[in-house]
Amino acid sequence: GRDKLLSIACVIGLASTVMLIISLVLGGSGMEEYVLVTAALGMLGFFSGTSNVPLEALFADSTTHDNRAKMNQYKYTTRILGSAVGPLTSILLFYLIGNSWSMTELK
């Protein structure tokens, strides 16, 4: 059931994350790096698609009917706040460090 699907999704998520880190750290030629990053992102998409439904079902099962709307509101709020952290961090870093790049950094 859900446990098996989440276990498989977890392995796929970990494998794709490791693949993405390796492809970005080791680099390689432009096409090799592109293929590895694209494959890793595709696997992350598969992870997201296979894990969201069982996680939502587990979330619904773990809350009472009366409390579910409030918990969904908290979950949605934390998801939105989490999505804002990355762009806000980028803005702060651009402000503090600046926006000057060398060719080495762009490769």
Side-chain angles (χ1 to χ4, degrees):
R2 287 182 264 194
D3 295 343
K4 189 170 187 164
L5 187 57
L6 284 173
S7 296
I8 292 169
C10 182
V11 170
I12 292 170
L14 287 172
S16 60
T17 301
V18 168
M19 187 177 179
L20 185 60
I21 290 170
I22 288 172
S23 66
L24 293 176
V25 169
L26 296 180
S29 72
M31 184 54 88
E32 289 172 355
E33 187 176 12
Y34 173 75
V35 168
L36 285 173
V37 169
T38 303
L41 292 176
M43 288 172 60
L44 278 173
F46 184 76
F47 159 74
S48 179
T50 56
S51 64
N52 281 341
V53 172
L55 281 175
E56 289 296 322
L58 284 173
F59 181 80
D61 290 347
S62 66
T63 59
T64 62
H65 186 273
D66 296 336
N67 203 19
R68 193 165 296 147
K70 185 177 182 179
M71 292 296 111
N72 275 323
Q73 182 182 9
Y74 288 147
K75 184 179 65 160
Y76 178 76
T77 302
T78 56
R79 189 173 285 175
I80 294 298
L81 290 174
S83 298
V85 168
L88 291 174
T89 302
S90 296
I91 291 168
L92 179 65
L93 289 174
F94 274 122
Y95 178 76
L96 295 174
I97 297 172
N99 191 16
S100 60
W101 301 85
S102 69
M103 286 306 291
T104 306
E105 294 167 323
L106 294 174
K107 287 185 179 182

Counting only heavy atoms not in F59, do more than 12 fall under 6.0 Å of its CZ?
-> yes

Considering non-hydrogen atoms only, spot the tightest contact between S16 and M43 and give its length.
-> CB-CB, 3.3 Å

When rounded to the nearest 0.5 angstrom, what distance separates CG in L88 from CG in L81?
-> 9.5 Å

What about V53 and L58, same hydrophobic cluster or not, with Ile/Leu/Val/Met/Phe/Trp/Tyr joined at side-chain heavy-atom distances under 4.5 Å?
-> no

Taking the side chain as C-beta and beyond, is there a heavy-atom pair between R2 and D61 under 4.5 Å?
-> yes

Could you tell me the separation between the CE atom of M31 and the OG1 atom of T38, rounded to the nearest 0.5 Å?
-> 9.0 Å

Quick one: CG on L96 to CD1 on I91, what's the gap to the nearest 0.5 Å?
-> 12.0 Å

Please determine which of D66, N72, N67 meets the side-chain contact (heavy atoms from CB on, under 4.5 Å) test together with K70.
-> N67

Working to the nearest 0.5 Å, report the span between OG of S62 and CG of L55.
-> 10.5 Å

Out of curiosity, Y95 OH to I97 CD1, how far, rounded to the nearest 0.5 Å?
-> 13.0 Å

Taking S83 for its side chain and R79 for its backbone only, find out whether a donor-acceptor pair lies under 3.5 Å.
-> yes

So if you build clusters from Ile, Leu, Val, Met, Phe, Trp, Tyr with side-chain heavy-atom gaps below 4.5 Å, do L44 and L24 land together?
-> yes

Minimum heavy-atom distance between L36 and S23, given as atom pair plus value | CB-CB, 3.4 Å

Among the clusters formed by ILVMFWY side chains lying less than 4.5 Å apart, do L5 and V11 turn up in the same one?
-> no

Is K75 atom NZ crowded by more than 12 heavy atoms from other residues, nucleotides or ligands, each under 6.0 Å away?
-> yes

In a check of side-chain contact (heavy atoms from CB on, under 4.5 Å) between I22 and each of V18, L20, V25, which one passes?
-> V18

How long is the gap from CD1 on I12 to OG1 on T50, to the nearest 0.5 Å?
-> 5.0 Å

